[in-house]
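So that the names make sense, note that chain A is the first sequence line, chain B the second, and so on, each numbered from 1.
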Number of protein chains: 2
Amino acid sequence: MKIDPNNRADLSAQIAKAIRDAIVEGQLIVDERLPSEAELAEQFDVSRPTVREALKRLAAQSLIRTQRGATGGAFVNRLTYPEAYGQQITTATLLLSMNAVSFQTACEARFAMERACAPLSAARRSSDHLASMRAEVFRQNQPGLSDEAFCASDVAFHRALVDGAGNPVLSYQLAGAVEGMQPLMNMITFTARSRAQIVDLHTEIADGIEARDAPRAEAALTRLESYTNELATGVLAKRKAKAAAD
Amino acid sequence: MKIDPNNRADLSAQIAKAIRDAIVEGQLIVDERLPSEAELAEQFDVSRPTVREALKRLAAQSLIRTQRGATGGAFVNRLTYPEAYGQQITTATLLLSMNAVSFQTACEARFAMERACAPLSAARRSSDHLASMRAEVFRQNQPGLSDEAFCASDVAFHRALVDGAGNPVLSYQLAGAVEGMQPLMNMITFTARSRAQIVDLHTEIADGIEARDAPRAEAALTRLESYTNELATGVLAKRKAKAAAD
DNA sequence: AATTTTCATTTGTCAGACAATTAAAAGTCT
DNA sequence: AGACTTTTAATTGTCTGACAAATGAAAATT
């Protein structure tokens with residue numbers, strides 16, 4: 001791990017990479033303590049601020065955690081699902097917002113993956129998952145609900161659907177796809193009529209999951225995808241027309 | 001963005017969060033230059049090393065890039081797909097290796113998502129994608145191929161399948177799922193017999209995609225999932241038996 | 001024996017300095 | 001005037017040395 005070539009450029013990045021590789025390759029195991037900053041500085045033959053910059057890079061990726069005090073130091077962090085969700089969501093959000101990804105492309109990816117969850121969720125969902133889905137549908141039916149709250153409930157509904165599959169890896173993957181799309185979804189202003197339509201489709205999905213009828217849930221998801229795209233197209237067209245008028 | 005409470009703990013993390021939020025919320029746009037380190041230090045009322053640690057955190061997430069020199073500085077980085085792939089793969093790899101995710105769980109998630117790609121890939125795949133798939137199958141048939149090379153070719157085959165869907169967001173999501181599983185896949189030693197079986201299934205998948213027959217490709221993917229699980233179960237059982245014998 | 005105090009270790013932060021890089025500005029020569 | 005060279009200023013990258021804050025262990029005290 002101590003390897004550092006004669007390349008004296010980007011030292012902190014090089015050191016971060018060396019330690020990261022050691023973690024990924026299993027040379028440093030979970031909860032193992034790294035040498036102190038002073039020791040690392042000596043090992044790599046750099047100053048302590050340089051080592052610290054490297055450690056902060058790793059901390060940003062949740063690869064290590066640090067603790068002050070006599071028995072403190074930097075420890076290899078067990079990457080938990082919530083931490084991974086967080087990074088996944090940040091990355092997905094930025095990827096979508098910075099790359100002019102069309103709404104349709106993001107939507108297609110999201111619903112394709114959700115449809116992949118449907119058979120598993122239909123087979124395995126607990127009554128808790130079903131209850132969560134029903135509760136969110138109920139909330140979405142409340143008249144006074146703000147657009148933001150409606151969107152948040154939408155995310156929660158789909159989250160319950162995905163979690164029903166009982167596969168944490170799938171849940172982790174979908175978290176990014178679903179939550180990363182929220183800024184795009186928030187662009188759509190939901191009329192009373194569109195809300196009713198969405199609630200109907202959510203109900204149909206929940207019914208399919210309850211009946212353990214995967215094709216029914218998948219078909220409803222497909223219709224929801226079409227309808228979501230339709231709404232988005234309308235909003236974007238209006239926005240374009242308004243921009244042209246100005 | 002300049003907000004920093006009286007909380008004088010974890011300053012560099014706080015500053016990183018403030019700048020990250022400004023980027024995510026669009027207050028700082030792509031390619032915009034951040035204030036110089038000295039200016040940031042003054043704004044946040046901290047020292048330059050602290051600012052630098054914050055900037056390194058952001059650099060680790062590919063949110064900014066830095067450039068030296070007179071017109072240099074830190075710039076908001078456009079998060080590209082390759083950068084996002086890389087982070088996705090690192091995160092997925094660690095998540096799987098550190099959390100004792102069962103092979104079956106990871107496998108299920110991966111194939112569920114791949115099956116979701118199959119209809120899109122069957123409809124849209126170009127001749128290039130098909131040629132890549134065929135080329136990888138051909139390589140997998142070569143007798144002298146090492147296990148590592150066989151696994152790498154396997155990844156490339158599935159990558160071509162997913163890319164055939166023509167949806168970069170899906171490709172990005174799948175990259176983590178497929179490549180993150182590689183360490184787990186590498187545990188399996190492929191006998192000549194198992195390779196032949198896998199090549200047959202790959203051929204069947206490619207045939208389905210070529211014929212634009214999604215159900216055929218999906219069925220083959222399902223069989224491949226079963227077979228992969230079967231192989232893994234065998235390897236793990238043997239390993240367990242050996243461990244008990246020692 | 002229990003409690004308190006002291007102490008050593010480690011991370012977090014700061015101040016100031018110099019090196020390396022880079023582009024623009026200034027100067028110089030043809 | 002135009003092309004080339006030199007200088008300069010700005011900025012990041014790194015180093016040195018220092019002190020503050022936290023924290024657990026050891027020592028001292030009751």
Any carboxylate oxygen within less than 4.0 angstrom of a Lys/Arg side-chain nitrogen, looking at A:Glu225 and A:Arg115?
yes
Here the distance between atom C1' of D:dC15 and atom CD of B:Glu53, to the nearest Å, is 15 Å
Choose from D:dT14, D:dA10, C:dT11 the nucleotide whose nearest atom is closest to any side-chain atom of A:Thr66.
C:dT11
Check the pair A:Phe103, A:Thr228 against side-chain contact (heavy atoms from CB on, under 4.5 Å), reporting the backbone distance first and the verdict last.
CA-CA 10 Å; A:Phe103 188 87; A:Thr228 307; 3.8 Å; yes
Suppose we call a contact any N or O donor and acceptor under 3.5 Å apart; does that hold for the side chain of A:Arg48 and the base of C:dT13?
yes
For a quick test of reading the model: is some side-chain N or O of A:Arg52 closer than 4.0 Å to OP1 or OP2 of C:dT11?
no
Can you check the B:Leu40 CG to D:dG13 P distance for me, whole Å?
13 Å
Could you state the CG-P distance from A:Asp45 to D:dG13, rounded to the nearest angstrom?
20 Å
Just by distance, do the side chain of A:Arg124 and the backbone of A:Ala165 share a donor-acceptor pair under 3.5 Å?
yes
Between A:Asn167 (side chain only) and A:Leu170 (backbone N and O only), is there a donor and an acceptor less than 3.5 Å apart?
yes
What is the separation between atom CD on A:Gln67 and atom P on D:dA25, rounded to the nearest whole Å?
11 Å
Round to a whole Å and report the spacing from CZ of A:Arg68 to P of C:dT10.
15 Å
Assign each of A:Thr71 and A:Ala13 the nucleotide of DNA chain D bearing its closest heavy atom; nearer the 5' end lies the nucleotide of A:Ala13
Of B:Leu55 and A:Ser47, the one whose closest DNA chain D nucleotide lies more 5':
B:Leu55
Among D:dT12, C:dC14, D:dG24, which nucleotide sits nearest the side chain of B:Pro49?
C:dC14
Just the rounded figure in Å: distance from P of C:dT22 to CZ of B:Arg33.
15 Å
Between P of D:dG13 and CZ of A:Arg57, the distance in whole Å
8 Å
Rounding to a whole Å, what distance do you find between B:Ile64:CD1 and D:dG13:C1'?
14 Å
Between B:Phe111 and B:His158, what is the ring plane arrangement, given parallel below 30°, perpendicular above 60°, and tilted in between?
perpendicular
B:Thr50 has its side chain closest, among C:dC14, C:dT10, C:dA23, to C:dC14
Candidate nucleotides D:dT11, D:dT14, C:dT13, ranked by approach to the side chain of B:Ser36 - the nearest
D:dT11
